[in-house]
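For the numbers below, each heavy atom of this structure counts, side chains included, while hydrogens, waters and symmetry mates do not.
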Amino acid sequence: MIIAKDTVVQLHYSLFDEQDQLIESTNKDAGGEAIAYLHGHNNMIAGFEQAVAGKEAGEHISITLTPDQAYGERQADAVARVPVKHLQGAKNWKKGMVAWVETEQGTRQVTIVKVGRFMADVDTNHPLAGKTLKFEVDVVAVRAATAEEISHKHAHGAGGHQH
């Protein structure tokens with residue numbers, strides 16, 4: 001089966017920046033678990049989904065995404081002031097740390113720019129905005145999504161969302 005809309009894709013990946021520094025990996029060689037996602041439902045960045053479409057289990061894919069295909073260009077004015085009590089991920093905040101904040105658009109990653117006792121200035125750009133990203137992907141399995149997965153808009157089971 002090939003990767004197309006409404007298929008569940010299980011894969012291993014390693015993500016590198018422009019200097020070939022490893023950012024994150026499921027590292028199958030070290031026993032990491034493959035991830036699973038529902039293809040065609042915005043569960044992965046658009047450039048990634050476009051690059052793997054039409055592939056099948058057993059394929060290795062090298063993908064390079066420019067910022068416009070990944071997390072966009074950095075916006076210099078993307079700074080917001082939020083109450084420290086709304087920052088999730090740590091107890092004591094310092095400049096440069098990444099936090100999560102609940103917004104009207106869902107949970108977003110932000111980077112601490114300046115922190116005070118009650119308020120923090122945060123950079124709302126995604127931490128990987130403005131970067132060219134390189135993925136090394138091994139497709140483990142592809143299957144048709146269930147009706148429940150399609151209605152929930154995410155994969156269930158091993159490597160996917162657990163209910």
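Annotation for Glu148 and Ser151: closest pair O-OG, 3.0 Å, computed over non-hydrogen atoms. When all heavy atoms of Ala34 and Val140 are compared, the pair lying nearest together is CB-CG2, 4.2 Å. Counting all heavy atoms, side chain and backbone alike, Glu33 lies closest to Thr26 at O-CB, 3.5 Å. Shown here for Glu49 and Leu38, the closest heavy-atom pair between the two residues is OE2-O, 4.1 Å.
Side-chain heavy atoms closer than 4.5 Å link hydrophobic residues (I, L, V, M, F, W, Y) into clusters, and following such links, possibly through other members, connects Val139 to Ile63. Hydrophobic clustering of Ile, Leu, Val, Met, Phe, Trp and Tyr side chains at less than 4.5 Å, counting indirect connections, keeps Val8 apart from Val142. The hydrophobic clustering, which links ILVMFWY residues whose side-chain heavy atoms are closer than 4.5 Å, places Leu128 and Tyr13 together. Linking ILVMFWY residues whenever their side-chain heavy atoms come closer than 4.5 Å, directly or via other members, leaves Ile150 and Val9 in distinct clusters. There is a path of hydrophobic side-chain contacts, each under 4.5 Å, that joins Ile23 to Ile45.
The side-chain contact (heavy atoms from CB on, under 4.5 Å) test applied to Leu22 returns Ser14, Phe16, Ser25, not counting sequence neighbours. Legend: residues meeting ring pair (Phe, Tyr, Trp, His ring centres under 6.0 Å) with His41, ordered by chain and number and at least two apart, are absent.
For Arg108 (side chain) and Thr124 (main-chain N/O), a donor-acceptor pair under 3.5 Å exists by modelled atom type. Between the Glu18 side chain and the Thr132 main chain, a donor and an acceptor come within less than 3.5 Å of each other. In this structure a side-chain-to-backbone donor-acceptor pair under 3.5 Å is present from Asn125 to Gln75. Using modelled atom types, no side-chain atom of Asp68 and backbone atom of Glu73 make a donor-acceptor pair closer than 3.5 Å.
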Practice task
Tell me, with the steps shown, if Gln109 and His126 meet side chain to side chain contact (heavy atoms under 4.5 Å, CB included).
Solution key: CA-CA 6 Å; Gln109 279 186 306; His126 187 281; 3.3 Å; yes
Practice task
Take Gln69 and Thr66 through the side chain to side chain donor-acceptor pair (under 3.5 Å) test and state the conclusion after the steps.
Solution key: CA-CA 5 Å; Gln69 297 169 311; Thr66 60; 3.1 Å; yes
Handout entry: Evaluation steps, side chain to side chain contact (heavy atoms under 4.5 Å, CB included), between Leu133 and Leu15
Key = CA-CA 7 Å; Leu133 303 176; Leu15 170 60; 3.7 Å; yes
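Expressed to the nearest 0.5 Å, how far CG of Asn43 lies from CD1 of Ile35 amounts to 10.0 Å. For the atom pair His156 NE2 and Thr146 OG1, the distance stands at 6.5 Å (nearest 0.5 Å). Rounding to the nearest 0.5 Å places NZ of Lys55 at 6.0 Å from CD1 of Ile61.
Checked for salt-bridge contact, Lys131 and Asp17 miss the test: no charged N lies under 4.0 Å from a carboxylate O.
Within a 6.0 Å radius of CD in Glu104, other residues, nucleotides and ligands contribute 12 heavy atoms or fewer. The number of heavy atoms from other shown groups lying within 6.0 Å of NZ (Lys5) is above 12.
Using modelled atom types and a 3.5 Å distance limit, the side chains of His39 and Thr7 yield no donor-acceptor pair. Residues His60 and Asp138 bring a donor and an acceptor atom of their side chains to less than 3.5 Å of each other.
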Review item, side-chain donor-acceptor pairs of residues 82-93, under 3.5 Å, at least two apart:
none

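The side chain to side chain contact (heavy atoms under 4.5 Å, CB included) test with Val122 singles out one residue from Ile112, Val101, Thr111, Val79, and that residue is Ile112.
Ring geometry for Tyr37 against Phe48 counts as perpendicular: the plane angle is over 60°, on a 0 to 90° scale with 30° as the lower cut.
Contact annotation: the side chain of Arg143 approaches that of Glu149 to within less than 4.5 Å [non-hydrogen atoms, C-beta and beyond].
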